[in-house]
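In what follows, every chain begins at residue 1, and chains take the letters A, B, ... in the order their sequences are listed. Worth knowing before you read on, the calculation uses all heavy atoms, side chains too, and leaves out hydrogens, waters and symmetry mates.
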There are 2 protein chains.
Amino acid sequence: MATTGTDLSRMREMNQLSIVWALRGNPPSTVTELAGRTGLSRPAVDVLVQALVTDGWAAVEEPGARSVVGRPARRYRFRADAGHALGIDIGVHKVLVMLSDLEGNLVEAVRRPADPDADPAARLATVDAAIDELLDAAGMTPSDIWGMTVGVTGPVDATGRTSLFTPLPGWGEADPAGHLAARFRCPIQVENDCKLAAVAERWKGVAQDADDIVYLLAGIRTGAGLILDGTLRRGHGGAAGEIGALKAVRWLDAPGHLAACPGVPATARPGEAAAWVFQAAREGNREARTAVRRYTRDLAVGVAALVLALDPEIVVFGGGFSRSADIILDPLQRELTKHCLRLPELRTSTLGDESVALGGLRLALDDIDKRLLSAELAAPRAPRG
Amino acid sequence: MATTGTDLSRMREMNQLSIVWALRGNPPSTVTELAGRTGLSRPAVDVLVQALVTDGWAAVEEPGARSVVGRPARRYRFRADAGHALGIDIGVHKVLVMLSDLEGNLVEAVRRPADPDADPAARLATVDAAIDELLDAAGMTPSDIWGMTVGVTGPVDATGRTSLFTPLPGWGEADPAGHLAARFRCPIQVENDCKLAAVAERWKGVAQDADDIVYLLAGIRTGAGLILDGTLRRGHGGAAGEIGALKAVRWLDAPGHLAACPGVPATARPGEAAAWVFQAAREGNREARTAVRRYTRDLAVGVAALVLALDPEIVVFGGGFSRSADIILDPLQRELTKHCLRLPELRTSTLGDESVALGGLRLALDDIDKRLLSAELAAPRAPRG
DNA sequence: TGGATATCGCTGGGCAGTTTACTAATTCCC
DNA sequence: GGGAATTAGTAAACTGCCCAGCGATATCCA
């Protein structure tokens, strides 16, 4: 622990930051309220918040009619629109880009379809076009973006590539961070999509109250993202959660049980086949129910391995198949009971296919905060990386 | 993030603590050296370190002959003996108690054999006797102990009990923390032995350079402890690492392959049987080699599950069988290669059977540090829990 | 219109750390 | 042996920051 000495100026910075924290995420606040929240005296808060106003971090709110006695206080608000973050989901079938302000409020979102067989260059061109459209709609330039995260499939190594494996054709050699760095000066993170979805569930989804979470992505692909002690765990090589690679865990083949179900229309694409089976199972089709049972049996082994390894509080059931949670969750729970020592709570994701981009936003915002903490609080601009 | 405001007195505390950190773990230091390390000015360090001396946290070192020009500086050292910590390993066959000062230097250790069939009361009596002997030898009283950790087998829940399961007879209902709290006022942690061994390997063992570690306890029992991002992961219910409970992971039966090896002396106890097999395998006995291969095959499935789930940098091979790493490590590595995406480095523990008690010391010291950080630095005494 | 109430803005006091300057204690070298 | 060089210890003045407290100000309500 390399605790370093503190002097007055550093103390002032800390107090100014503590006011930023007290301001952010709260309705416009009076000096007295801020003093109460930070433990500082009113005069101190007054001086500091005025410095924040001149720096552009805070703004004075026009007082509306208020029904209190006494002299109405000025109210200050955090200027969440001083900077913005981008969350980018580069999926197999779509590209989704989301823009939020510093408080995480969604400003714009642009979705574009993507060809599953597109090569990396074409895919990145789609991303560029989506970003252009989004920045245009929001009236912004690249310099307004302080941080961004790109979500991709497959484990991401330290260089931001997915060289280990990826279902996207040719993507193993792609370098999305390098590509975007040509236009954006801000730090650019690249992260696995399951991991980002896990982050999103803890931020705005069904796992906001938990610190130890296993996120299960169940769809054509199967994957997992881990949150332990409240923060995303990447593993030393970024491959944490890839339990599906274990032979005893048949995650690669598991969705095959659905596709192989007798009665599936021959013309159905993989996702449609699964939906057909789930619907048939709902209607009581025996063969479909068997297929679902086989699927969940395979799925459960991997989940159980993660649960036993990590002992999470919650398992979040996400991914494309989470729309059919009504038919999957019960058998999955039964299977897990067989395997696990202590069964964590099982919840179904509600974020839909926006979770990856949302998680990207959260990670970018976290990174901005971390840089804010270490940097001095000058005029609002992207704190240097 | 509930950042709270700071005033002058808090600043002084922080600076005093920063001097404590700069003092600790270093040879006796001059004021100038401390100023360089903390970034504070010499006069400030001078005042603060003198306050530390009067409080009893620091002491002036008698200057020896020194071959520098200029006026010789006073040297100050951290009084590591101001407080002490206890690491207690309550094993199946032994009880080991270790005493260290605040810098983690070992002061005393007492080991006592334990009857594997002893009931909890008898086992705790052995612990008490060992502690008595140790405190007596060190000339200390319970009030000199600022923190302690008890290592036990089986997953430890939030109340410090091992109700889920434990190989110790009757131990599921035992409450070692409650028992010790009758004599000791300091905070008492109870933790799983594998987890403590993992902590010890990162502190003084073969994994000091890694932040993501899977510790494998291989012996009559098989277990694991996890360190991620540099800190021990307990899981929500304290059961992280219990991958052995998965049916596909045959950890419970794995050592059976050794005991069932043809040629094992009928009179041998479990541990002796394993040692016999390893020795026979070393000497080229085909049946023994087969038994070892079967053992490692079962062992590897669980390790692979942990490796895939967590993507650690290092797997530490510990436990009683680590003495025979020469004959186990190669086949284990071969098996792991089959299962894993990316093979972490495999290292053999060198701490022997002291690792649990050592890890207990480290955890107790960490806890003391955490309390120091939040409390004011008064005269040296156990910072209130 | 005047009282009640709460905020705003200002001033003096105390504290912590820095800077600067000076004195004290050594060693080195002639 | 004595002076120069070097480094440590100490005291003063200075700056910056927060806090307590007081009067001024703005609004509501009777």
Name the pairs: protein N/O against N/O of nucleotides 2-7 of chain D, kept only if under 3.5 Å.
unit_1: D:dT7; atom_1: O2; unit_2: B:R71; atom_2: N; d: 3.3

For nucleotides 15-18 of chain D, list the nitrogen or oxygen atoms of the protein found under 3.5 Å from its nitrogen or oxygen atoms, one pair per line.
unit_1: D:dC18; atom_1: OP1; unit_2: A:N15; atom_2: ND2; d: 2.7

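As rounded to whole Å, 11 Å separates atom P of D:dC19 from atom CZ of A:R42. One interatomic measurement links the two molecules: CG of B:D46 to C1' of D:dA12, which rounds to 15 Å at whole-angstrom precision. Computed from coordinates, the A:Q50 CD to C:dT7 P distance equals 16 Å when rounded to whole Å. What separates CD of B:E13 from P of C:dC15 is a distance of 15 Å, to the nearest Å. In this structure, A:E33 atom CD and C:dC8 atom P are separated by 10 Å, rounded to whole Å. Between the C1' atom of C:dC15 and the CD atom of B:Q16 lies a distance of 15 Å, rounded to the nearest Å.
Residue B:R185 places its CZ atom among 12 or fewer non-hydrogen atoms of other residues, nucleotides or ligands, all under 6.0 Å distant.
For C:dG9, the OP1/OP2 oxygens have a side-chain nitrogen or oxygen of A:R74 closer than 4.0 Å.
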* Per-nucleotide pairing state of DNA chain D [Watson-Crick or G-U, under 3.5 Å; [ ] pseudoknot-crossing; | other strand] -> ||||||||||||||||||||||||||||||
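B:A59 pairs by the side chain to side chain contact (heavy atoms under 4.5 Å, CB included) definition with B:R77, B:R79, not counting sequence neighbours. Applying the salt bridge (charged side-chain N to carboxylate O under 4.0 Å, His left out) rule to A:E201 yields no partners; only residues at least two apart in sequence or on another chain are considered. Take B:T159 and apply the side chain to side chain donor-acceptor pair (under 3.5 Å) test, not counting sequence neighbours, and it matches B:D157. Residues passing the side chain to side chain donor-acceptor pair (under 3.5 Å) test with B:S100: none are found, sequence neighbours excluded. Applying the salt bridge (charged side-chain N to carboxylate O under 4.0 Å, His left out) criterion to A:R233, with sequence neighbours excluded, gives B:D229. Residues passing the side chain to side chain donor-acceptor pair (under 3.5 Å) test with A:D136, sequence neighbours excluded: none. Remark: A:D212 engages no residue in a salt bridge (charged side-chain N to carboxylate O under 4.0 Å, His left out) (not counting sequence neighbours). With sequence neighbours excluded, no residue satisfies side chain to side chain donor-acceptor pair (under 3.5 Å) with A:D81. For A:R12, the salt bridge (charged side-chain N to carboxylate O under 4.0 Å, His left out) test picks out no residue, with sequence neighbours left out.
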* Asked: Would B:E33 and B:R75 count as a salt bridge (Lys or Arg N to Asp or Glu O under 4.0 Å) if you check the C-alpha gap in whole Å, the side-chain angles of each, and the deciding distance to 0.1 Å?
  -> CA-CA 10 Å; B:E33 289 167 355; B:R75 303 193 96 87; 3.0 Å; yes
